[in-house]
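What follows is one structure encoded as structure tokens, with my remarks underneath.
All chains are named by letter (A, B, ...) in the order of the sequence lines, taking the proteins before the strands, and each is independently numbered beginning at 1.
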4 protein chains.
Amino acid sequence: MKTKDIILATAKEMISQVGFHRATTSNLAKTANISEGTIYRHFESKEDILLHILAALEEQFSYFIESVRQKLDKDQCTLEMIMVDYFAFVEENEVDVKIMLSTYGLLDSSKRLMAIFLKNLELILQDCIKLGIKKGNVKDVPVEENATVVMTIIFGLTRLHLYWPNETDVRTEAIEFCRRSLLK
Amino acid sequence: MKTKDIILATAKEMISQVGFHRATTSNLAKTANISEGTIYRHFESKEDILLHILAALEEQFSYFIESVRQKLDKDQCTLEMIMVDYFAFVEENEVDVKIMLSTYGLLDSSKRLMAIFLKNLELILQDCIKLGIKKGNVKDVPVEENATVVMTIIFGLTRLHLYWPNETDVRTEAIEFCRRSLLK
Amino acid sequence: MKTKDIILATAKEMISQVGFHRATTSNLAKTANISEGTIYRHFESKEDILLHILAALEEQFSYFIESVRQKLDKDQCTLEMIMVDYFAFVEENEVDVKIMLSTYGLLDSSKRLMAIFLKNLELILQDCIKLGIKKGNVKDVPVEENATVVMTIIFGLTRLHLYWPNETDVRTEAIEFCRRSLLK
Amino acid sequence: MKTKDIILATAKEMISQVGFHRATTSNLAKTANISEGTIYRHFESKEDILLHILAALEEQFSYFIESVRQKLDKDQCTLEMIMVDYFAFVEENEVDVKIMLSTYGLLDSSKRLMAIFLKNLELILQDCIKLGIKKGNVKDVPVEENATVVMTIIFGLTRLHLYWPNETDVRTEAIEFCRRSLLK
DNA sequence: AATGAATGAGGTTTCATTCAT
DNA sequence: GATGAATGAAACCTCATTCAT
């Protein structure tokens, strides 16, 4: 692993555990077994590290959205599937997502990415609901509002899963919950 | 307004806007038009200010829970009512709730309070669902899991409301969403 | 007891226990059950309190010296008596002496008083030894040097007594020690 | 000289001259021509600097005690020799000893070290007096008490030498004083 | 590329002192 | 005389960043 990636990996772990402000460059260097100066060979600033983490997450998310879009285009998309896929996406990017969630109240760049998450998921869900209605599977409910509600469920469960791992996992039951509410 | 309350009010505003770490005592003093030393006449430490804010919120929340419990005992409680009441509670304690949400990843005392929020709301929702099932209004669904799902919706909407005020308000539609899913 | 005396008494206790710097005006006021402002009605500054304590001790010491001088003038003075009397003087002014000992490395006024202690005791001891030699009771030793030695014994024992109260008390044996060394 | 040693040397000088509390990190940095932050690269806290100074002194003292013990074991030890050697030891560690003397009323670690000084010197003196009595050179006096008296003389002279350098040096005469008192 | 000592701005906190009541 | 809130300078300490090696 290259030094830059070691720094990124270590920073991810630290920031997700203690938060951005308590993840000091000094600690980061110690934990990563490098010198503090080295950090600045690879990143312009401490915030720059976070930007790299967020950029990588943004890329992963765009892949995820793209794959869902493709399924949508092939008529193979259901609400259930989106939820299952998103939960899988979070599982694979657990640390990164946690960082985004813990910093979007503090940093503009993080808030920007979170907005992208919101908007894209909302749009996908809208399209999926629209499709369902057209197909006759989904009840005739207001599309935008219900997409937003499903989104809050998805994000709420994500947060519960990441920050309260001792709570029983209700992701499957949540899908049932939505099915009952939306499917005919 | 007494100095202590000025400090508290100013701190609330600052912390909710820029987060706990960026709300420095120096800035706080300047904004509140007092000297830094004065802060320490009224609070033991910067963290102590936060503890006071959280303690006040905890008290407000306990009142809220109590009032819901009373309605439950009188059989006047519906899921819809809990959601409406909680949204009203958040509206009245907007800044405080936002502070809790932005600090529970960083501070134990804040996480403790958030856990109280989770646990109490979950229990109330469970009791309410149980009651509904007994009365025959609510479908025969797994109680605990569905209470948790409703709770994630409630908290998710709260967060959406506080951090993304430009999003259209779907709280009413969310209630409909739950009715469709749970009511017979 | 007047407020001024309450302050002095409380300050003595505090300074002798935790030292001048750790005896804060805030603590002093709390312990004395008065307000911080009141301190400054009676004393110009925190150091001024110390000066009053030292001045009182200086006065007591001058009484002590005077009484010894009178005995000397009446030919009723022995080394033994000076030692016994000084130990009694310390016993009566324990706290004050301890304060002087703990501050003379830090404060000029305190060092000045300590110099007075040294000089006066030295002179008295010199005169006493001279008298003893003249009378034929004391060996013919260098007066000044031996007075200084006896003085270091006296001050050393005082310090031992005040700071290491668990050490066995050797003040009586110390007198024997000096008798063996100086008396014929 | 390395930065750490510069800091230590400067701190020694400052603390011995103005005391621990008045030796501020700000002043220390200015005097040592470094920034305040640098101090904390080399020491954990201001007190940590003092602990290093005391630890070094403790080590030197243990060497001193060991060397005296060796002489004792070889029967080459006299009270006179212990006094001369200790005075030499103080001469070589003047500043450090002064720091210990000025802080043992304030700091536990310093008081601990002073207790070590007391105890070790007392024990050595006791053994030396015992040996002298057995050999027939020393009068048959109570061992412990007389050891303590000699110790107070030694420490008293040390203090006189360090804090009152203008007083005439009576260390040689003090040895005579003890010889007259203890030797047959 | 890497190091790690040094920096200095700025953080939290303390405390002797003042002043309106 | 007394109060105690307020002050502000200065204390100790942290930490992102720089720089000579």
Side-chain angles (χ1 to χ4, degrees), chain A residues 2-4 6-7 11 20-30 32-50, chain B residues 2-4 6-7 20-30 32-49, chain C residues 2-4 6-7 20-30 32-50, chain D residues 2-4 6-7 20-30 32-50:
Chain A
K2 286 192 180 165
T3 304
K4 186 166 186 173
I6 294 174
I7 295 173
F20 184 66
H21 279 99
R22 292 223 270 246
T24 64
T25 50
S26 157
N27 257 322
L28 176 54
K30 256 175 240 151
N33 263 322
I34 52 159
S35 75
E36 268 189 279
T38 301
I39 295 173
Y40 290 85
R41 284 244 148 246
H42 296 281
F43 300 94
E44 285 182 10
S45 66
K46 188 184 154 188
E47 190 174 333
D48 189 39
I49 301 177
L50 186 62
Chain B
K2 285 191 180 168
T3 303
K4 184 165 187 174
I6 294 174
I7 295 173
F20 184 67
H21 280 101
R22 293 230 267 247
T24 64
T25 50
S26 157
N27 257 322
L28 177 53
K30 260 175 233 152
N33 260 323
I34 52 162
S35 76
E36 273 191 271
T38 299
I39 295 173
Y40 291 87
R41 273 203 73 71
H42 297 281
F43 299 94
E44 285 184 7
S45 66
K46 189 185 151 188
E47 189 174 332
D48 189 39
I49 301 176
Chain C
K2 285 193 179 166
T3 305
K4 187 165 185 173
I6 294 175
I7 295 173
F20 183 66
H21 280 99
R22 291 224 272 246
T24 64
T25 51
S26 157
N27 257 324
L28 176 54
K30 255 175 242 154
N33 262 322
I34 53 158
S35 75
E36 269 190 277
T38 301
I39 295 173
Y40 290 86
R41 284 243 149 247
H42 297 280
F43 300 95
E44 286 182 10
S45 67
K46 188 183 153 188
E47 189 173 334
D48 189 38
I49 301 176
L50 186 62
Chain D
K2 284 191 179 167
T3 304
K4 185 164 188 174
I6 294 175
I7 295 173
F20 185 66
H21 280 100
R22 292 231 268 247
T24 65
T25 50
S26 157
N27 256 324
L28 176 53
K30 260 175 233 150
N33 261 321
I34 53 163
S35 75
E36 269 190 273
T38 299
I39 295 172
Y40 291 88
R41 273 203 73 71
H42 297 282
F43 300 94
E44 287 183 8
S45 65
K46 188 185 152 188
E47 189 174 333
D48 189 40
I49 301 177
L50 187 60

Original post:
What nucleic acid atoms does D/T38 come within less than 4.0 Å of, heavy atoms only: base, sugar-phosphate, or nothing?
Top reply: base
Original post:
Do A/T3 and A/T38 have side-chain heavy atoms sitting under 4.5 Å apart?
Top reply: yes
Subject >> Nucleotide F/dT3, atom C1' - distance to CD1 of C/I7 in whole Å >> reply: 13 Å
**OP:** Specify the separation, in whole Å, of atom CZ of C/F43 and atom P of F/dA2.
**Re:** 12 Å
**OP:** When you get a sec, tell me which of E/dT3, E/dT7, F/dA16 is the closest nucleotide to the side chain of D/R41?
**Re:** E/dT7
Original post:
Start at the 5' end of DNA chain F and walk down; is the nucleotide closest to A/T25 or to B/G37 reached first?
Top reply: B/G37
**OP:** Let me know, please, whether A/E47 or B/N33 comes out on the 5' side of the other along DNA chain F by nearest nucleotide.
**Re:** B/N33
Original post:
Does A/T3 put a side-chain nitrogen or oxygen below 4.0 Å from OP1 or OP2 of E/dA1?
Top reply: no
**OP:** Have a look at D/S35 and say if it touches a base, only the backbone sugar-phosphate, or nothing, with a 4.0 Å heavy-atom cut-off.
**Re:** base
Original post:
Paired with E/dA9: which nucleotide, if any, by Watson-Crick or G-U wobble criteria at under 3.5 Å for both distances?
Top reply: F/dT14
Subject >> Minimum-distance nucleotide (side-chain atoms of B/S45 versus F/dT7, F/dT3, E/dT13) >> reply: E/dT13
Original post:
How long is the span from the CD atom in D/E44 to the CD1 atom in D/I39, to the nearest 0.5 Å?
Top reply: 14.5 Å
Subject >> Separation between CG of D/L28 and CZ of D/F43, rounded to the nearest 0.5 Å >> reply: 9.0 Å
Subject >> Rounded interatomic separation in angstrom, taking NZ from D/K46 and P from F/dA10 >> reply: 15 Å
**OP:** For D/H21 and F/dA10, give me the distance from atom NE2 to atom P, rounded to whole Å.
**Re:** 18 Å
Original post:
Which whole-number value in Å describes the distance from A/Y40 OH to F/dT21 P?
Top reply: 22 Å
Original post:
Start at the 5' end of DNA chain E and walk down; is the nucleotide closest to D/K4 or to C/R22 reached first?
Top reply: D/K4
Subject >> Any strand: nucleotide that pairs with E/dT21 via Watson-Crick or wobble, under 3.5 Å >> reply: F/dA2
Subject >> Between F/dT21 and E/dA1 - P atom distance, rounded Å >> reply: 22 Å
Subject >> Reported NE2-to-CD1 distance for the pair D/H42 and D/I49, which is rounded to 0.5 angstrom >> reply: 10.5 Å
Subject >> Whole-Å gap separating P (E/dA6) and CD1 (D/I6) >> reply: 8 Å
Original post:
What does B/I39 touch in the nucleic acid at a heavy-atom separation under 4.0 angstrom: a base, only the sugar-phosphate, or nothing?
Top reply: nothing
Original post:
Tell me: CD of D/E44 to P of F/dC15, nearest whole Å?
Top reply: 14 Å
**OP:** State, with a plain yes or no, whether a side-chain heavy atom of D/I7 is found less than 4.5 Å away from one of D/I34.
**Re:** yes
**OP:** Check whether any side-chain N or O of C/S26 sits under 4.0 Å from OP1 or OP2 of E/dT14, and answer yes or no.
**Re:** no
Subject >> Note, D/H21 side chain near C/F20 side chain (heavy atom, < 4.5 Å) >> reply: no
Subject >> E/dA1 - base-pair partner by Watson-Crick or wobble geometry, distances under 3.5 Å >> reply: none
**OP:** Using whole Å, report how far CD of A/E36 lies from C1' of E/dA1.
**Re:** 17 Å
